[in-house]
Protein chains: 2
Amino acid sequence: MKEKRKQVGKPKPGSARGEGRADRGLTSLHQRILSDIQGNIMSGRWEPGQRIPVEHELMLQYGCSRMTVNKVLTQLAREGIIERRRKVGSFVCRPQSQSAILPIADIKLEVEALGLPYRFEILQRHKRRATRADRTLLRAEEALPMLELVCRHFAKDEPFCDEYRLINLQAVPGAAAEDFSLISPGAWLLRQVPWNEAENRIRASGAAPDVAARLKIKSGSPCLIVERTTRSMAAAPITFVRLTYPGNLHELVATFTALTSATK
Amino acid sequence: MKEKRKQVGKPKPGSARGEGRADRGLTSLHQRILSDIQGNIMSGRWEPGQRIPVEHELMLQYGCSRMTVNKVLTQLAREGIIERRRKVGSFVCRPQSQSAILPIADIKLEVEALGLPYRFEILQRHKRRATRADRTLLRAEEALPMLELVCRHFAKDEPFCDEYRLINLQAVPGAAAEDFSLISPGAWLLRQVPWNEAENRIRASGAAPDVAARLKIKSGSPCLIVERTTRSMAAAPITFVRLTYPGNLHELVATFTALTSATK
DNA sequence: CTGTCGTTAATGTATAGTCATATAATCATG
DNA sequence: CATGATTATATGACTATACATTAACGACAG
């Protein structure tokens, strides 16, 4: 398998690239070019729509090869920060829409982030075929075998979150045998199907009577509801979960990033 | 600086790579390699922690040069899908946390997406120095000149959203002269400071009396509240906004992506 | 004035090779 | 036998080159 290693060993040590570039401080050259350009754009020095130096200019400016600046510009284009057009040049994008990145943490982590001890309990557990309502929630067609769970999460001794969950047993058969006494269903599933995609719906609503009872709040009092339908990248629906947080207890925090219409 | 140029000018047109690969259907070679590998990972065929073929193997497998697979693997590493370790190889990442990408659309677009006509009105407008409370909201230190706005957004004839906004007039002096009769403050600001970053806080809460009156709902009824503090990438605070949506009218929808701890 | 055909500038993709660096494994030595 | 040196492997970064693709621009013929 080892190909013939030709003795390319060119004795000249300085190599072809300039003089003291070997001693560039910390980051790589293209990393530096990237941050330079990004800085110019983010700070507004280079405005949206404006043309940025073409590869050739940058190559001269940084004294490097075109491949290097090409790598950088390609990366920026992929991030949707610039747009490249042949023959014409590269242009700073105008952010079309903005997006916030919302971390979906495990509830255990959320609670512990508040400095409170966490525990949870399973309140209900049924195995059954998917009803029509289930199929809507799961975005599924067939009457799959389902596991329905109701679960309550605590911060110290106070109910922190109510969880209603449906699991597609066909996609995750192991769930039938798991009793979720040690690990919460959410964390367990995350471990089973690591790469997945989901749709989250976030809204405010008054607590339904049954949920209110479990959370020890008044029926109808404001709650943050997060509904999530998860499917594996192979498109099979995996789980639906509805998390209900008493309004005063919880807050989602998301950081922003300006995005363009880039596919990424 | 140009070293003695060896005559690489290989006349052979087919070049070194295999036979009919020049006629690859639609996408570029590295794009194909990328989707191949991504597919293997997303589908779970290559599990988290598993080592993926090293550059040399991939290079043989696809009959291309190392640079090409390197480009692909570098990209995957940047996306946080694989982790690369010298000498050892590249490994499929275990998604550490998951994140949802929450599009922050202009309220006008939100309303129009519902198929309803949109309009808004400015209810209050004051220019003043930042109070202590303002500074907290804006994450600012100094008593900056501020513009305070209260604004109401309608879907058809129903109040859709209440907006309370603070604008740092030092960062965006033009706001003082703008009367926001034609363009809403949010859309206007987005145009002024295109690349920025922000922190969003999303929670459920009962409507405060003044807000409830403006939204024509009962005080205390569940509302979705989105608070956003925006700053330019140059770190200057720009604006704070609190959007209050009556609970039944609005839902945030975010799509998922599994992320690792990648910096990106 | 208009359509077509070059020319050319810019990006897109890929090759082949160099040098550097991190590290696992192995080998040598006191 | 531990420890230090060496070697082989794999990634990381970059250079230099080549050729393909695309689109703006301009010339020129009709």
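Each chain gets a letter, A, B and so on, in the order its sequence line appears, and its residues count up from 1. Note that the structure is a prediction, hence the values are computed from the model and not measured.
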**Q** Measure the distance from NZ on B/Lys87 to P on C/dT26 and round it to the nearest whole Å.
**A** 9 Å
**Q** Expressed as a whole number of angstroms, how long is the span from A/Arg85:CZ to D/dT22:P?
**A**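 Going from CZ in A/Arg85 over to P in D/dT22 covers 15 Å.
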**Q** Would you check, one step at a time, whether the test side chain to side chain donor-acceptor pair (under 3.5 Å) holds for B/Arg228 with B/Thr239?
**A** CA-CA 8 Å; B/Arg228 184 179 310 149; B/Thr239 186; over 6 Å; no
**Q** I'd like to know whether CZ of B/Arg119 has more than 12 heavy-atom contacts from other residues, nucleotides or ligands below 6.0 angstrom.
**A**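 Check passes, neighbour count above 12.
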**Q** For B/Glu57, does the CD atom sit with more than 12 other heavy atoms under 6.0 Å from it, leaving out its own atoms?
**A**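 Yes, the 6.0 Å shell around CD holds more than 12 heavy atoms from other groups.
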**Q** Would you kindly give the CD-to-P distance between B/Gln31 and C/dA14, to the nearest whole Å?
**A** 10 Å
**Q** Given atom CZ of A/Arg84 and atom P of C/dT13, what is their separation to the nearest angstrom?
**A** 10 Å
**Q** Calculate the interatomic distance between B/Ile82 atom CD1 and D/dG12 atom P; express it in whole Å.
**A**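 In whole Å, D/dG12 P lies 8 Å from B/Ile82 CD1.
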**Q** With respect to the phosphate group of D/dT17, does any side-chain polar atom (N or O) of A/Ser65 fall under 4.0 Å of OP1 or OP2?
**A** no
**Q** Which part of the nucleic acid, if any, lies within contact of A/Ser90, taking any heavy atom under 4.0 Å across all strands shown: a base, the sugar-phosphate backbone alone, or nothing?
**A** sugar-phosphate
**Q** Considering only heavy atoms and no angle criterion, is a donor-acceptor pair shorter than 3.5 Å present between the side chain of B/Arg86 and the base of C/dT23?
**A**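 No such pair is found, so the answer is no.
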**Q** Heavy-atom count check: over 12 atoms from other residues, nucleotides or ligands less than 6.0 Å from A/Arg85 CZ?
**A**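 No, the 6.0 Å shell around CZ holds no more than 12 heavy atoms from other groups.
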**Q** From the list C/dA14, D/dA24, C/dT15, which nucleotide is the closest neighbour of the side chain of A/Met67?
**A** C/dA14
**Q** Look at A/Thr68 and D/dT15 and indicate whether a side-chain polar atom (N or O) is within less than 4.0 Å of OP1 or OP2.
**A**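 Indeed, a polar side-chain atom of A/Thr68 lies that close.
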**Q** Step by step, would you call A/Glu79 with A/Gln38 a side chain to side chain donor-acceptor pair (under 3.5 Å)?
**A** CA-CA 11 Å; A/Glu79 289 176 16; A/Gln38 227 169 28; 3.2 Å; yes
**Q** Between A/Val88 and A/Arg66, name the one whose nearest nucleotide on DNA chain D is closer to the 5' end.
**A** A/Arg66
**Q** Please pick, from C/dT11, C/dT15, D/dA13, the nucleotide with the shortest atom-to-atom distance to any side-chain atom of A/Val54.
**A** C/dT11
**Q** I need the CG-P distance between B/Leu34 and C/dG12, as an integer number of Å.
**A** 16 Å
**Q** Calculate the interatomic distance between A/Ile33 atom CD1 and D/dG12 atom C1'; express it in whole Å.
**A**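 Distance, rounded to whole Å: 15 Å.
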**Q** Tell me: CG of B/Leu58 to P of C/dA14, nearest whole Å?
**A** 15 Å
**Q** If you pin A/His30 and B/Gly89 to their nearest nucleotides in DNA chain D, which one's is more 5'?
**A**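 Nearer the 5' end of the strand: B/Gly89.
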